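Count residues from 1 along the sequence. Since we're looking at a predicted model, the values are computed, not measured.
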Amino acid sequence: MEQVQQDGKAGFLGGCLVSLFKSVALENIMETIVYAIIGTVVSFVVSMLLRNLVGLFKKK
């Protein structure tokens, strides 16, 4: 009985994921990946600049 219920849950989740992937266009996924990469790089550069600025003010 428990095995049937787990299989039903797995089937439900699998169906949700397949319908989600079908409804999302590949262009949207690629755009999201590019934006994530750009956001990561900008965040890293800003944090390095702020770290250097704080270091300059501490030396004075």
Side-chain angles (χ1 to χ4, degrees):
M1 182 72 178
E2 184 65 33
Q3 182 66 27
V4 173
Q5 193 172 16
Q6 288 178 349
D7 289 342
K9 289 179 183 178
F12 175 75
L13 290 176
C16 288
L17 288 176
V18 169
S19 67
L20 179 66
F21 285 130
K22 185 179 177 189
S23 67
V24 176
L26 181 61
E27 295 85 23
N28 292 342
I29 294 172
M30 294 304 294
E31 183 179 352
T32 302
I33 291 170
V34 169
Y35 284 148
I37 291 170
I38 291 171
T40 302
V41 170
V42 168
S43 174
F44 177 76
V45 169
V46 168
S47 67
M48 294 303 290
L49 288 173
L50 289 174
R51 182 183 296 172
N52 287 336
L53 284 174
V54 168
L56 288 174
F57 286 120
K58 283 187 177 181
K59 288 181 181 178
K60 291 183 180 183

Matching residue for Val34 among Thr32, Ile38, Ile37 - test: side chain to side chain contact (heavy atoms under 4.5 Å, CB included): Ile38
With sequence neighbours excluded, residues passing side-chain contact (heavy atoms from CB on, under 4.5 Å) with Ala36: none
Common cluster, Val18/Ile29, ILVMFWY with side-chain heavy-atom separation under 4.5 Å: no
Taking only distance into account, with no hydrogens and no angle test, what donor-acceptor pairs under 3.5 Å do side-chain atoms of residues 44-57 form with protein atoms, sequence neighbours excluded?
residue	atom	partner	partner atom	Å
Ser47	OG	Ser43	O	3.3
Ser47	OG	Phe44	O	2.8
Asn52	ND2	Met48	O	3.4

